[in-house]
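Notes follow the structure.
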2 protein chains.
Amino acid sequence: MTSVTIKDVAALAGVSLATASRVLSGHPATSSESRARVTAAAEQLDFRPNAQARSLRSAKTHVLGLLVSDVRNPFFADLAHAVEQAALETGYVILLGNANELEDQQNRFLDTLIDQRVDGVIVAPQGDGQGSISSLVNRGIPTVFVDRTVDGVSVPCVTTDSRPGISQAVKHLAEQGHRRIGYIAGPQSISTGRERYAAFVEALKEAGLDQDPALTVFGDFQLESGAAATERLLQLEDPPTAILAADSPMAVGAVAKIRERGLRIGPDVALVAFDNINLFALLSPALSVIDHSVEDMGRIAVDLLLKVIDGEDPASVSLPSGLIIRESSLPPHSVNTQRKN
Amino acid sequence: MTSVTIKDVAALAGVSLATASRVLSGHPATSSESRARVTAAAEQLDFRPNAQARSLRSAKTHVLGLLVSDVRNPFFADLAHAVEQAALETGYVILLGNANELEDQQNRFLDTLIDQRVDGVIVAPQGDGQGSISSLVNRGIPTVFVDRTVDGVSVPCVTTDSRPGISQAVKHLAEQGHRRIGYIAGPQSISTGRERYAAFVEALKEAGLDQDPALTVFGDFQLESGAAATERLLQLEDPPTAILAADSPMAVGAVAKIRERGLRIGPDVALVAFDNINLFALLSPALSVIDHSVEDMGRIAVDLLLKVIDGEDPASVSLPSGLIIRESSLPPHSVNTQRKN
DNA sequence: CTGAAAGCGCTTACAG
DNA sequence: CTGAAAGCGCTTACAG
């Protein structure tokens, strides 16, 4: 594992170390003669510059970090993909990290990014911004928030405005005759958890529905908590006739639990999920969802970050959300007419 | 963004640079006096050592790379999670990359890992091992293959033996009376694509079923190709009565296409998918799947890699697979009795 | 256009 | 236990 260094390349090419470096890093002041020889030598030796050494001098790594909250949440997997595709054209490489919805894992990864001196980072943050998030910002490392934000940390961010989607969902359910709507909330330590809950409460008022606090159960955005919350809701003395889940993993947990209890989604319990996961359209009945564009979110996040790296201070972006009605929130007769299967 | 360096820490603590370094890197030869002062100074300045500089000297980064084929494939998202959890206890941090089933993207990421001089890498490889894969191996960078292998590249690997699962699936379908089984194959440039296809052909023979080559359509392991392949199969003059898909994204494409054509999964076309994705159990009818343990695979991959890093040469591991029968491959009456929903 | 030299931020024998 | 110094592999003013 004795690496080939630029010294070896220079020696083989018969030029000085400085000239070799200039050719390799594309500096204009080089003769075509030396360009040819150095390039050939580098190729012959399969030389890969040591990024450590390079960025120790130039303070540029051409690497961006992306921290998602949970890779197993399809929304974030899609987001990772979208960010990556957008970054691909810019010449940056993305290092992906998974917080697994845990602040501790988030901090470990962010510390690693700081240590590696990445050029910038996109993060869907956990927690209150005390730990590594503040290190990131205090060091002036270009940072952009995506999907979520942290109060008091002012970096550009791209988020979804959950309100229209949730308002439409509650209104729609009310129109179907539902008076008691159960809500599986996200954690209130996370901005999206708070915003969506507030939007739900607001929407209930607007629609004049039952505001029984027992109808809201708090989960942690992961599958098991969605199942547990559903169980609690269904065991209520006066259980809800419809359930809204604040993200897709919790919705999956809800689907599993509703079936486990021998109830039918739609006729017995209507269900609407936040996040438009492709498989949700394939469930029977197909799930109604609150949709927002993960492609836009990823692309804009990269855009914003590149601007921050360039020293600009771009404005934050808020993306729209909206309800897509499918069978899971329609009455049985309607389901029958719509269903092909 | 003027970083705090170890020099600043040493100055504030009133010791030499060397002493500060020894304290910070846990070298035993330090007095408790200087340990206290340096630690305090580092804390006060929020000092984070520059990993570039550190590993330039010590040739250790404590970072591992993990390259998955496709983050949006839930199997690989689960794998990423499993690897990460296993690595967490070892003090290594995982840098995750996504090849998006493209050799070019794989190579870009692997080159970045080489440049960053990570301590080792776990990869689910694409291609023939000519590009960055061979760079990795030739440089002696500790490498382990996971899920897939590359012919002629001899690194330790942990894979699934697809044969028992596929053999059981074909046998099961034959028992249900199916004579013409469609197969949505993975690309033959990928080891799992080849192995599963060979296992399918073998299983057909064993079961004495129709070996019409038109019944096999090759996809690329991604969703759209699964839908396209299903369309071709269903448009056959003598279409299959059952379909087996070689991975889960292609199975999702198959589900969507079967429904789009107004057919019922189970009664009209039986369906079995490779990979046990949690949502598959929630479809109606629930999908029969070929199961293998992604947790074991992730954990073992990390184990193997740590051994390679320690200079050992661990043996490769092959994990079992097996069929889980659900409604999608059972006759209608059986479906009716089993279905709760 | 080119080379010698300084320096990026660390670690680590080498003396003491 | 501690400090001065060399060196990891690069880049980049500085002269020429």
Side-chain angles (χ1 to χ4, degrees), chain A residues 1-39 41-42 45-63 111-112 114-119 139 141, chain B residues 1-39 41-42 45-63 111-112 114-119 139 141:
Chain A
M1 178 135 180
T2 68
S3 269
V4 174
T5 75
I6 198 173
K7 231 165 158 177
D8 303 316
V9 175
L12 181 61
V15 300
S16 77
L17 214 160
T19 299
S21 170
R22 288 193 189 95
V23 171
L24 263 11
S25 54
H27 189 101
T30 48
S31 64
S32 64
E33 162 83 22
S34 34
R35 245 174 289 145
R37 306 183 57 159
V38 170
T39 308
L45 297 172
D46 190 22
F47 170 70
R48 297 273 338 160
N50 182 323
Q52 321 281 1
R54 169 176 280 180
S55 56
L56 191 53
R57 282 298 325 242
S58 64
K60 281 276 153 234
T61 57
H62 298 285
V63 174
D111 285 349
T112 302
I114 293 173
D115 296 352
Q116 299 288 330
R117 302 297 192 264
V118 296
D119 289 348
R139 279 162 214 279
I141 297 173
Chain B
M1 181 140 175
T2 67
S3 268
V4 174
T5 74
I6 199 172
K7 232 165 156 175
D8 303 316
V9 174
L12 181 60
V15 299
S16 76
L17 216 161
T19 299
S21 169
R22 287 191 189 96
V23 171
L24 263 11
S25 54
H27 190 102
T30 50
S31 64
S32 63
E33 163 83 22
S34 35
R35 245 173 287 146
R37 305 182 57 157
V38 170
T39 310
L45 297 172
D46 191 22
F47 169 72
R48 298 274 334 160
N50 182 324
Q52 321 279 2
R54 170 176 280 181
S55 55
L56 192 53
R57 282 299 323 246
S58 65
K60 280 277 152 230
T61 57
H62 298 286
V63 174
D111 285 349
T112 301
I114 293 173
D115 295 352
Q116 299 290 330
R117 303 296 194 263
V118 297
D119 289 348
R139 279 162 214 279
I141 297 173

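Heavy atoms only: backbone and side chains are in, while hydrogens, waters and symmetry mates are out. In what follows, every chain begins at residue 1, and chains take the letters A, B, ... in the order their sequences are listed.
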Protein and nucleotides 12-16 of chain C: nitrogen or oxygen contacts under 3.5 angstrom:
{"from": "C:dA13", "atom 1": "N6", "to": "B:R22", "atom 2": "NH2", "distance (Å)": "2.8"}

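One interatomic measurement links the two molecules: CZ of B:R37 to P of D:dG3, which rounds to 10 Å at whole-angstrom precision. For the pair A:D115 CG and C:dC10 C1', the interatomic distance rounds to 13 Å; values are reported in whole Å.
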Between B:D46 and B:V4, is a side-chain contact (heavy atoms from CB on, under 4.5 Å) present by the stated rule, with each step listed?
-> CA-CA 8 Å; B:D46 191 22; B:V4 174; over 6 Å; no

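Among the nucleotides C:dC10, C:dC1, D:dC10, the one closest to the side chain of B:F47 is C:dC10.
Contacts of A:S34 with the nucleic acid, taken as non-hydrogen atoms under 4.0 Å apart, involve only primed sugar atoms and P, OP1 or OP2.
Only the P atoms considered, D:dT2 is 22 Å distant from D:dA6, to the nearest whole Å. Rounded to whole Å, the separation between the C1' atoms of D:dT12 and D:dG16 comes to 16 Å.
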Map every base of DNA chain C to its dot-bracket character, where paired means a Watson-Crick or G-U wobble contact with both distances under 3.5 Å and | marks a partner outside the strand.
-> |||.||||||||.|||

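Scanning residues 6-16 of chain B for heavy-atom distances under 4.0 Å to DNA chain D yields B:S16.
A:R48 contributes no side-chain N or O that, together with a main-chain N or O of B:D115, makes up a donor-acceptor pair within less than 3.5 Å.
B:T61 and B:R117 form no side-chain donor-acceptor contact under 3.5 Å, judged by distance and modelled atom types alone.
For the side-chain contact (heavy atoms from CB on, under 4.5 Å) with A:L45, the qualifying choice from A:I6, A:D8, A:T5 is A:D8, the only one to do so.
Atom-to-atom distance recorded for A:T19:OG1 and A:E33:CD is 11.5 Å, nearest 0.5 angstrom.
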